[in-house]
Asks: 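Take a look at the following structure, please.
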Amino acid sequence: MKLDDLTIPDSASCRAATEVAAAYCTPALFNHSVRSYLWAAGHAQLTGLGFDAELLYVAALLHDLGLVEEFDNASLSFEVSGGHLAWVFGAAAGWPEQRRTRVSEVIVAHMADSVDVAADPEGYLLEHGTSVDISGRGCDALAPEFRLSVLERHPRLGLPEEFLGCFQAQAGRKPHTSPAEALRSGLATRISANPLDRV
């Protein structure tokens, strides 16, 4: 599999999600969002899993907006506030309510320990793609050439340190949320061991 074998959907909603993410995310966080989609779509191609490409792409590009200052909720976990933001985005994009709810659910699901692929293929794929990018879990299943081409086109730009800092800040202010739980379960160690940072 090659990077050029994957098509990034080009709907008006996908273009708008790219614009929003580029406007509010740091370059490292933006590239993480794009890579998360590519790792997810690559996994789907390898396993033959069907998915809604527009829904997954929009969710991937918006999934971490709850970490940025402008959308950081005082009490909600970042993925929950990001889900609310994606619902509003979907309304502005003219999506029906069911689709707005789905994109919100996909973003919330990406922080779950596991997602039922049969019940929520996009949530499963986003959880998988973000895990590959943050901790390297599952990256060995992707061809080395594919991994290298993704990283060359969308470099990491210091993501491990930046992402860990975001989670530490979230956990310090909101100890009941998923970033705090992730840190308690050894996220810092998993980030430091990510083989993608040694490519």
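Side chains are part of it too, since the values below use all heavy atoms of this structure and drop only hydrogens, waters and symmetry mates.
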Asks: Between D64 (side chain) and S33 (backbone), is there a donor-acceptor pair under 3.5 Å?
Replies: no
Asks: Of the non-hydrogen atoms in A109 and V115, which two are nearest, and what is the gap between them?
Replies: O-CG2, 3.5 Å
Asks: L49 vs V117, test: side-chain contact (heavy atoms from CB on, under 4.5 Å). Steps then yes/no.
Replies: CA-CA 9 Å; L49 177 62; V117 63; 3.6 Å; yes
Asks: Hey, could you give me the CD/CG distance between Q45 and L142, rounded to the nearest 0.5 Å?
Replies: 10.5 Å
Asks: How many angstroms lie between OG in S36 and CG in L126, if you round to the nearest 0.5 Å?
Replies: 6.5 Å
Asks: Look at atom CD of Q98 and say whether more than 12 heavy atoms of other residues, nucleotides or ligands are closer to it than 6.0 Å.
Replies: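 Counting other residues, nucleotides and ligands, CD of Q98 stays at 12 neighbours or fewer.
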Asks: Please determine whether a side-chain nitrogen of the Lys or Arg among R99 and E54 lies less than 4.0 Å from a carboxylate oxygen of the Asp or Glu.
Replies: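 Looking at E54 together with R99, the answer is yes, because their closest N to O distance falls below 4.0 Å.
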Asks: Rounded at 0.5 Å granularity, tell me how far CD in E70 sits from CG in L85.
Replies: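 Result: 11.0 Å between the selected atoms.
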Asks: Check for me whether the distance between the ring centres of F71 and F78 falls short of 6.0 Å.
Replies: no
Asks: For the OH atom on Y24, are there more than 12 heavy atoms of other groups (residues, nucleotides or ligands in this structure) within a distance under 6.0 Å?
Replies: no
Asks: Between H110 (side chain) and I107 (backbone), is there a donor-acceptor pair under 3.5 Å?
Replies: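 Yes; at least one donor-acceptor contact below 3.5 Å.
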Asks: Determine whether L157 and L148 fall in the same hydrophobic cluster, where Ile, Leu, Val, Met, Phe, Trp and Tyr are linked whenever their side-chain heavy atoms lie under 4.5 Å apart.
Replies: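 Different clusters: L157 never reaches L148 through Ile, Leu, Val, Met, Phe, Trp or Tyr contacts under 4.5 Å.
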Asks: For P9 and C14, which heavy atoms make the closest approach, and how far apart are they?
Replies: O-CB, 3.4 Å
Asks: Which pairs count as ring-ring contact (aromatic ring centres under 6.0 Å, His included) when at least one residue sits in residues 178-198, sequence neighbours excluded?
Replies: none
Asks: Can you see whether W95 has R100 sitting over its ring - NZ or CZ less than 6.0 Å from the centre and within 45° of the normal?
Replies: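 Pair R100/W95 does not count as cation-pi.
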Asks: Is the shortest heavy-atom distance from the side chain of R35 to the side chain of L151 under 4.5 Å?
Replies: yes
Asks: Let's go through Y57 and T18 carefully: what are the C-alpha distance in whole Å and the side-chain angles of both, what is the deciding distance for side chain to side chain donor-acceptor pair (under 3.5 Å) to 0.1 Å, and is it a yes or a no?
Replies: CA-CA 9 Å; Y57 183 81; T18 301; 2.7 Å; yes
Asks: How many angstroms lie between CG in L61 and NE2 in H32, if you round to the nearest 0.5 Å?
Replies: 10.5 Å
Asks: Using a strict threshold of under 4.0 Å (side-chain N to carboxylate O), is an ion pair present between E127 and R137?
Replies: yes
Asks: What do the steps show when you test L159 against D133 for side-chain contact (heavy atoms from CB on, under 4.5 Å), and what is the final call?
Replies: CA-CA 9 Å; L159 177 72; D133 207 56; 3.5 Å; yes
Asks: Which heavy atom of G172 sits nearest to which heavy atom of P175, and what is that distance?
Replies: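 So the two residues come closest at O-CD, 4.4 Å.
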Asks: Heavy-atom distance under 4.5 Å between the side chains of H84 and L76, does that happen here?
Replies: yes
Asks: Kindly indicate, with the supporting measurements, whether the criterion side-chain contact (heavy atoms from CB on, under 4.5 Å) is fulfilled by L67 and F167.
Replies: CA-CA 8 Å; L67 291 175; F167 263 42; 4.2 Å; yes
Asks: Check for me, please, whether W39 and F51 land in the same ILVMFWY cluster - side-chain distances under 4.5 Å, paths through other members count.
Replies: yes
Asks: Could you grab the distance from atom OG of S81 to atom CG of D72, nearest 0.5 Å is fine?
Replies: 6.5 Å
Asks: Any ion pair linking D52 and R102 (charged N to carboxylate O, less than 4.0 Å)?
Replies: no
Asks: Shared ILVMFWY cluster between V58 and V34, side chains joined below 4.5 angstrom?
Replies: yes
Asks: Are any side-chain N or O atoms of K174 and backbone N or O atoms of P179, one a donor and one an acceptor, separated by less than 3.5 Å?
Replies: no
Asks: Determine, using ring centers only, whether H63 and F89 are less than 6.0 Å apart.
Replies: no
Asks: Say whether S77 and S178, considering side chains only, have a donor N or O and an acceptor N or O under 3.5 Å apart.
Replies: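 Yes, because at least one side-chain N or O of S77 sits under 3.5 Å from a partner of the opposite role on S178.
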Asks: Are side-chain heavy atoms of I8 and Y37 found at a separation under 4.5 Å?
Replies: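 Counting from C-beta outward, I8 and Y37 do come under 4.5 Å.
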Asks: Measuring only between side-chain heavy atoms, which start at C-beta, is I134 closer than 4.5 Å to R190?
Replies: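 No - every pair of side-chain heavy atoms lies 4.5 Å or more apart.
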Asks: Looking at N31 and R156, would you say the former's side chain and the latter's main chain have a donor-acceptor pair under 3.5 Å?
Replies: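 Side chain of N31 to backbone of R156: no pair is present.
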Asks: Please report the shortest heavy-atom distance between V132 and G138, naming the atom on each side.
Replies: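 Between these two residues, the closest heavy atoms are CG2-C, 4.1 Å.
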Asks: Taking the side chain as every heavy atom from C-beta outward, state whether V20 and L65 have any pair of such atoms under 4.5 Å apart.
Replies: yes
Asks: Which heavy-atom pair separates P121 from G50 by the least distance, and what is that distance?
Replies: CB-O, 3.9 Å
Asks: Rounded to the nearest 0.5 Å, how far apart are CG of L62 and SG of C25?
Replies: 8.5 Å
Asks: Among pairs that include at least one residue of residues 111-131, which meet ring-ring contact (aromatic ring centres under 6.0 Å, His included), considering only residues two or more places apart or in two chains?
Replies: H43-Y124, H43-H128
Asks: Apply side chain to side chain donor-acceptor pair (under 3.5 Å) to Q170 and T177, showing your working.
Replies: CA-CA 8 Å; Q170 292 273 316; T177 59; 5.2 Å; no
Asks: Between D120 and G123, is there a donor-acceptor pair closer than 3.5 Å when you use the side chain of the first and the backbone of the second?
Replies: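 The answer is yes, because a donor-acceptor pair under 3.5 Å joins these two groups.
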Asks: I want to check something: taking the side chain as every heavy atom from C-beta on, are L6 and F146 in contact at a cut-off of under 4.5 Å?
Replies: yes
Asks: Closer than 3.5 angstrom, by distance alone: can the side chain of R147 be matched with the main-chain N or O of C139 as a donor-acceptor pair?
Replies: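 Looks like yes, one N/O pair under 3.5 Å.
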Asks: Are L38 and R153 side-chain neighbours, meaning at least one heavy-atom pair lies under 4.5 Å?
Replies: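 With C-beta onward as the side chain, the pair stays apart.
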Asks: Any non-hydrogen side-chain atom of H154 less than 4.5 Å from a side-chain atom of F30?
Replies: no
Asks: Measure across A171 and L183 and return the closest heavy-atom pair with its distance rounded to 0.1 Å.
Replies: CB-CD1, 3.7 Å
